[in-house]
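Before any comments, here is the structure.
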Amino acid sequence: MSPPTITPPRTDLAYLCCLNPACRTTLSVDRVAFACPECGDLLDVVYDWDRLPVPKRLSDFQAKWADRLEPLNFSGVWRFRELLPFAPPEQIVTIGEGQTLLQVADKVGQYVGMNPGRLRLQYEGMNPSGSFKDNGMTAAFTHARMVGAKRVACASTGNTSAALAVFCSATSFGFKAIIFIGSGKIAYGKLAQALDHGALTIQIVGDFDDAMHRVRQVADRLGIYLMNSVNPYRLEGQKTIMYRVLEALAWEPPDWIVVPGGNLGNSSAFGKAFIELKHLGLIDRVPRLAVINAAGAQTLEQLVGTHGMSWLDGLPDMKVADSYYMKLDEAGSKASTIASAIEINRPVNLKKCLRALDFCDGVVRQVSDQEIMDAKARVGAGGLGCEPASAASVAGAKRLREEGVIAPSESVVCILTGHQLKDPTATVAYHGTDQDNFEKVLGSRGVRRAGFANRPVIVPNDLDDIIRSIALYSESEG
Ligand code: F0G
């Protein structure tokens, strides 16, 4: 191993720092870098908190509510700007993201096995592009503007590309969207957004992991600004999801945060949020974190659960991950799940997620496509609808309840990462009456029954028949 790089002390209030404790290279925020130039590791945005004006109490942020005509206070990301202070306020790119909701969901809670009032859903589908990605995009676009970038690119399972396309089309700073998607791998709602918002959409033969690999090469070669969650500014924005959860709970941390895991940006950002809040003395208790993989894309669960990988003070044994990836390649194994948003086998933020798990006493589980689709139907029937990947959080919470890891009296927040309308194909296949379609979309993935299906009633175009079917429905409702 090369000797630790001696880095001069920095005078800037915010800068980038390599995650590797044996390297710790630092870079100014005027630089564009998505990996450490010395060792290739991930980069963190770090702050000189001692010299920054940070509110004494989280409740001080409530003062911003009185001034919502100021766009930075209206934004659910930037009203917490003192906790992500890397940008001059006049450079901030906002489209009003982060107007989200923490909802008590007792019917879903009952399904999960929680006591009344204990399960909440953090609904990130309310963002302008319909997913949590807008939290990260506003921060990354702000940085792109700071460095004068115009062409911005990402690889995506759909939501990142939708958010990127929305930010390019809804702002007037001359941003041009270039997105890379795997062939046949993205849900129609998301593809529709990318196309409608005018993004250059490059569909490559391959899956997300292939697209991610290529977009990094292309961004490097052509000097295009990369908007995936290897971009550390994305994660700064995504920290605010946790601030809004705390805000909705009158600043009292819940016992658990449960989040789906794909590229592991959210879980990494949540961990960083709590590390910083604790460091700043703004919380005294840290929630536990549960990261939920889909069974067809279970890299994190395998590496942590089966292979015992952990943070180890910043020096996790990455050889374990490398040999896992090699085995996947040898077996020609590709990620495959109905939760296409998290159909990812090589999560780029693995290391940061290990840090989050370490700090938040975290657990990792995998859930099957059956569990995901059933949980999604329960969310739809008992709360705000979500796409399959989001329902992994609810399915994961149920699993952890059944195992006794989560107690029924604990306060649990499941993150609903994306809107229901993102993936109508999965929803209609689950509820619909077309058996061939069920087999094609779900049966082929091992989903055997649509236990919570709300079947449409097919009736002749006849008034009496229609009235009879409503009467039958009313009787069955009791
Ligand atoms: N839920 C939804 C709806 C997503 O779109 C994603 C990721 C995740 C969960 C996983 O989040 O990567 O932070 O662990 N979607 C990315 C995309 C990969 O390209 O839209 P993560």
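As the structure lists them, so they are numbered: ligands from 1, and atoms in each ligand from 1.
The protein atom (non-hydrogen) at minimum distance from atom 12 (O) of ligand 1 is N263 N, 2.7 Å. When hydrogens are left out, the protein atom nearest atom 1 (N) of ligand 1 is T417 OG1, 2.7 Å; that is the closest non-hydrogen contact. Nearest protein neighbour of atom 4 (C) of ligand 1, counting heavy atoms only, is A341 CB, 3.4 Å. Of all protein heavy atoms, the one closest to atom 13 (O) of ligand 1 is N266 N, 2.8 Å. With respect to atom 11 (O) of ligand 1, the closest heavy atom belonging to the protein is F132 CZ, 3.6 Å. Scanning the protein for heavy atoms near atom 5 (O) of ligand 1, the closest one is N159 ND2, 2.8 Å.
Below 3.5 Å of separation, one finds no N or O of I342 facing any N or O of ligand 1. Checked by distance only, ligand 1 and S267 stay at 3.5 Å or farther apart across all their nitrogen or oxygen atoms.
In this structure, of G262, A389, G418, S156, the residue bringing a heavy atom nearest to atom 14 (O) of ligand 1 is G262. Here atom 18 (C) of ligand 1 lies nearest to T157 when heavy atoms of L416, V291, T157 are compared.
Within the 4.5 Å cutoff, the side chain of V348 has no heavy atoms near those of the L264 side chain. Counting only heavy atoms from C-beta outward, the side chains of T142 and F86 approach each other to under 4.5 Å. A 4.5 Å side-chain heavy-atom check between R355 and L19 finds at least one atom pair inside the cut-off. Using a 4.5 Å cut-off on side-chain heavy atoms (C-beta onward), W256 and S411 make no contact. Considering only heavy atoms from C-beta on, S323 comes within 4.5 Å of K327 through its side chain. Using a 4.5 Å heavy-atom cutoff, the side chains of E97 and W78 are in contact.
In K422, neither the side chain nor the backbone holds a heavy atom less than 4.0 Å from any atom of ligand 1. In V259, neither the side chain nor the backbone holds a heavy atom less than 4.0 Å from any atom of ligand 1.
For the pair K398 and Y111, the cation-pi criterion (under 6.0 Å, within 45° of the ring axis) is fulfilled. Cation-pi contact between R145 and F173: present, with separation from the ring centre below 6.0 Å and deviation from the ring axis of at most 45°.
Between E343 and K334 there is no salt bridge, since no side-chain N of the basic residue sits under 4.0 Å from a carboxylate O of the acidic one.
A side-chain donor-acceptor contact under 3.5 Å links E371 and S368.
Of the possible donor and acceptor atoms, one in the side chain of K272 sits under 3.5 Å from a partner among the backbone N and O of V45.
Under a 4.0 Å heavy-atom criterion, S131 is not in contact with ligand 1. Note on ligand 1: N228 sits outside its first shell, no heavy atom being nearer than 4.0 Å. Contact between S229 and ligand 1 is absent, with no heavy atom of the residue lying under 4.0 Å from the ligand. For K133, the closest heavy-atom approach to ligand 1 falls below 4.0 Å.
Within the listing of ligand 1, atoms 18 (C) sit less than 4.0 angstrom from a heavy atom of I344. The distance from ligand 1 to the heavy atoms of G265 drops below 4.0 Å at these ligand atoms: 12 (O), 13 (O), 14 (O), 21 (P). Heavy-atom contacts of T160 reach the following atoms of ligand 1: 16 (C), 17 (C), 19 (O), 20 (O) (cutoff under 4.0 Å). Less than 4.0 angstrom separates some heavy atom of G261 from each of these atoms of ligand 1: 14 (O).
Looking at M137, Q193, H197 one by one, the single match for side-chain contact (heavy atoms from CB on, under 4.5 Å) with L164 turns out to be M137.
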